[in-house]
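Heads up, the thing below is written out as structure tokens.
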Amino acid sequence: MKTQTKVFPLKHLIVMTADGKLDRVASKVALNALVAAPGFEASYEVLLDLRDINCSLSVTDIYELAAHMAYPDAALPTRQKIAVLIDSHSPGHLALHHAQFLELAAGNRGIKIHAFDDYDRADEWLNAELPTDPKEPA
């Protein structure tokens with residue numbers, strides 16, 4: 001059975017400082033704002049499309065985001081799966097390593113999360129019917 005699809009704007013989910021580093025406090029606030037959006041339900045599958053994010057993340061940044069997503073009050077309170085979509089062709093392939101570390105750190109806290117670099121594979125894993133990939137050529 002396919003799950004219900006609802007799309008939320010994510011372009012401001014990862015907030016950066018002027019020097020391109022993660023602003024942890026502002027990013028946590030942005031994550032909280034996502035789940036406070038009218039219509040967000042804990043029963044939704046979630047796709048975090050971070051392919052356009054160009055931010056310098058440290059291991060500590062990723063760990064802090066994972067911890068914020070899970071405990072004590074889950075910032076992203078879905079009981080379902082969360083797919084993180086990244087651009088694996090970013091310089092040095094850091095996006096893929098960062099997404100895999102987020103997957104590990106959040107997964108250790110009981111969050112069903114998986115990193116992808118392919119939109120269709122994320123859709124398949126979520127068992128959802130996502131809208132057409134906005135990055136796909138027409």
Side-chain angles (χ1 to χ4, degrees):
M1 178 173 139
K2 298 274 185 183
T3 58
Q4 182 174 359
T5 302
K6 186 146 184 141
V7 178
F8 295 92
L10 296 174
K11 67 180 180 179
H12 300 295
L13 186 61
I14 301 295
V15 182
M16 295 179 287
T17 62
D19 61 356
K21 295 189 176 169
L22 178 73
D23 182 332
R24 284 189 213 153
V25 173
S27 293
K28 289 176 183 180
V29 168
L31 189 57
N32 291 344
L34 169 68
V35 298
F40 184 88
E41 298 286 335
S43 61
Y44 288 161
E45 305 279 347
V46 176
L47 172 70
L48 299 177
D49 187 349
L50 303 178
R51 292 178 289 182
D52 289 334
I53 302 298
N54 186 14
C55 179
S56 176
L57 294 170
S58 70
V59 171
T60 303
D61 292 334
I62 297 165
Y63 182 83
E64 290 276 333
L65 287 175
H68 181 69
M69 289 171 67
Y71 183 81
D73 293 321
L76 193 56
T78 180
R79 296 183 297 271
Q80 304 300 324
K81 299 175 191 171
I82 302 169
V84 178
L85 188 61
I86 53 90
D87 179 6
S88 65
H89 302 294
S90 66
H93 300 288
L94 287 178
L96 181 60
H97 295 299
H98 287 162
Q100 289 170 334
F101 183 65
L102 177 64
E103 180 181 323
L104 176 68
N108 286 342
R109 290 170 171 72
I111 297 174
K112 297 177 219 164
I113 188 168
H114 191 66
F116 294 92
D117 63 355
D118 180 86
Y119 191 88
D120 293 327
R121 287 186 51 227
D123 180 23
E124 190 177 294
W125 182 76
L126 287 172
N127 193 29
E129 199 163 309
L130 297 173
T132 303
D133 183 353
K135 294 268 204 181
E136 192 171 293

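Owing to the predicted nature of the structure, the values given are computational and were not obtained by experimental measurement.
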*Begin from the C-alpha positions of L85 and L48 and carry the test side-chain contact (heavy atoms from CB on, under 4.5 Å) through to its verdict.*
CA-CA 6 Å; L85 188 61; L48 299 177; over 6 Å; no

Non-hydrogen atoms of [X] and [Y] that approach each other most closely:
| X | Y | answer |
| --- | --- | --- |
| I111 | A66 | CD1-O, 4.5 Å |
| G107 | I113 | N-CG2, 4.0 Å |
| Y63 | R109 | OH-NH2, 2.8 Å |
| W125 | I82 | CZ3-O, 3.5 Å |

Can you find a pair of side-chain heavy atoms, one from [X] and one from [Y], that are under 4.5 Å apart?
| X | Y | answer |
| --- | --- | --- |
| H68 | L31 | yes |
| V84 | F116 | no |
| R24 | S58 | yes |

*With rounding to the nearest 0.5 Å, note down the distance linking CE in M16 to NZ in K21.*
13.0 Å

Check whether [X] reaches the backbone of [Y] with its side chain - one donor and one acceptor, N or O, closer than 3.5 Å.
| X | Y | result |
| --- | --- | --- |
| T17 | D23 | no |
| E103 | A115 | yes |
| D123 | D120 | no |

*Just do the side-chain contact (heavy atoms from CB on, under 4.5 Å) check on L65 and L22 with the steps written out, would you?*
CA-CA 10 Å; L65 287 175; L22 178 73; 4.0 Å; yes

*asked:* Check this for me: F101, atom CZ, are more than 12 non-hydrogen atoms of other residues, nucleotides or ligands nearer than 6.0 Å?
replied: yes

*List the steps and the verdict of side-chain contact (heavy atoms from CB on, under 4.5 Å) for D117 and D87.*
CA-CA 6 Å; D117 63 355; D87 179 6; over 6 Å; no

